Amino acid sequence: MQRRTFCLGALGAGMMFRSMVNAAEIYPSRAVRVVVPYAAGGGPDIMVRQFGPVLSTRMGQPIVVENKVGAGGVLAAQYVAQAAADGYTVLLGSNSHLIQKALQPNLMFDPENDFLPVTVIGASPSVLVVSAKSPYRTAQDLIAALKARPGKMNYASGGIGSAAHLGGATFVTLLGAEATHVPFKGSVEIPTSLLRGDTDFAFTIAGTAVPQVQGGRLRALAVTSREPLAELAGVPTLREILGSDLAVQEFWFGFWLPRKSSAEVVDKLYGATTASLKDPGVKSSFGAAGVSVIQSDSPEAAAAFVRSEARKWAEIIKLTGITAG
């Protein structure tokens, strides 16, 4: 009897221990890191930091933003692709990653196969901008100057293959003009280069451009959205200026997890994220920066969207003839 009592007691203790371990493993039980491939202070970084506190409340754990800048978002993507698939390391994935893979097929990550897209969070068109002190007051002024000075003007971007690079290259290609591309280490450097006079124009995402335009530092000449932006009243779309759908280009971003993440983790992050996106404060802060709140109908829909975008940007790269180096 004593032996049986001991065995039952040990069994009960083992079951209790396993129960405690399972409870400790309920996701999330600690802080979740969101790896942002852009410099602190840039549009995407600001969006995530504004969104983080709301998501933190839904998740019941802190949301920590970690900036890993370099190679057009490749460094951050490779880092997350190799991270533990436990839900605690999330990539702020975007069309920039699709562009980089199209430019460099031999990269050590595959945005379509190494990640599980959770949901798109927001989308922002680019804004064709110049310094507020620039002599170019309209897109037509800039176009005339480009055609009058072939190869003598330049445009800034946050790196080869970035949204700003594709925007500038598409613009110049559709015009049949020539201009020099000046890549920087991150998009946050673009406004400074324009203000110093180091570059003549740039395509900056609205999340970065709108505050600079409203603050009187930059001048907006056109937007790459299909429709004009309410935040930039009177600024025309590049599509209506150039008469091409290829001029419609939007930067979008969302949450991606490592491929082997469990369905439970994906669903939990998806539910918390989409619920947070409904918060009026989130919509207001995104909208003030020219970013539209967007959410996928499901993680499967997010994955389908990523695949379609990969095809689209591959076509744009073919048009512009951009290469990785």
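Not measured: the values here are computed from a predicted model.
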> Taking atom types as modelled and ignoring hydrogens, do the side chains of Q78 and Q82 form a donor-acceptor contact shorter than 3.5 angstrom?
Replying inline: no

> Just checking, any donor-acceptor pair under 3.5 angstrom between side chains of T170 and Q249?
Replying inline: yes

> Would a 4.5 Å heavy-atom cut-off, applied to side chains only, mark L221 and V235 as touching?
Replying inline: no

>> If you define the side chain from C-beta out and look only at heavy atoms, does anything of T204 sit under 4.5 Å from V127?
In response: no

>> Could you check whether any side-chain heavy atom of L232 comes within less than 4.5 Å of a side-chain heavy atom of V223, counting everything from C-beta outward?
In response: yes

> Looking only at atom types and distance, does a side-chain atom of S261 sit under 3.5 Å from a main-chain N or O of L257, one as donor and one as acceptor?
Replying inline: no

> Are F203 and F171 close enough, and set up right, to give a side chain to side chain contact (heavy atoms under 4.5 Å, CB included), and what steps lead you there?
Replying inline: CA-CA 9 Å; F203 281 80; F171 177 56; 3.6 Å; yes

> T192 and E189: side-chain donor and acceptor closer than 3.5 Å?
Replying inline: no

>> Are the side chains of V120 and F255 in contact, using a 4.5 Å heavy-atom criterion?
In response: no

>> Can you tell me how the ring of W256 sits relative to the ring of W252, calling it parallel under 30°, perpendicular over 60° and tilted otherwise?
In response: tilted

> Backbone N or O of S96 within a donor-acceptor pair of the S94 side chain at under 3.5 Å?
Replying inline: yes

> Under 3.5 Å, is there a donor-acceptor pair between the S29 and Y88 side chains?
Replying inline: yes

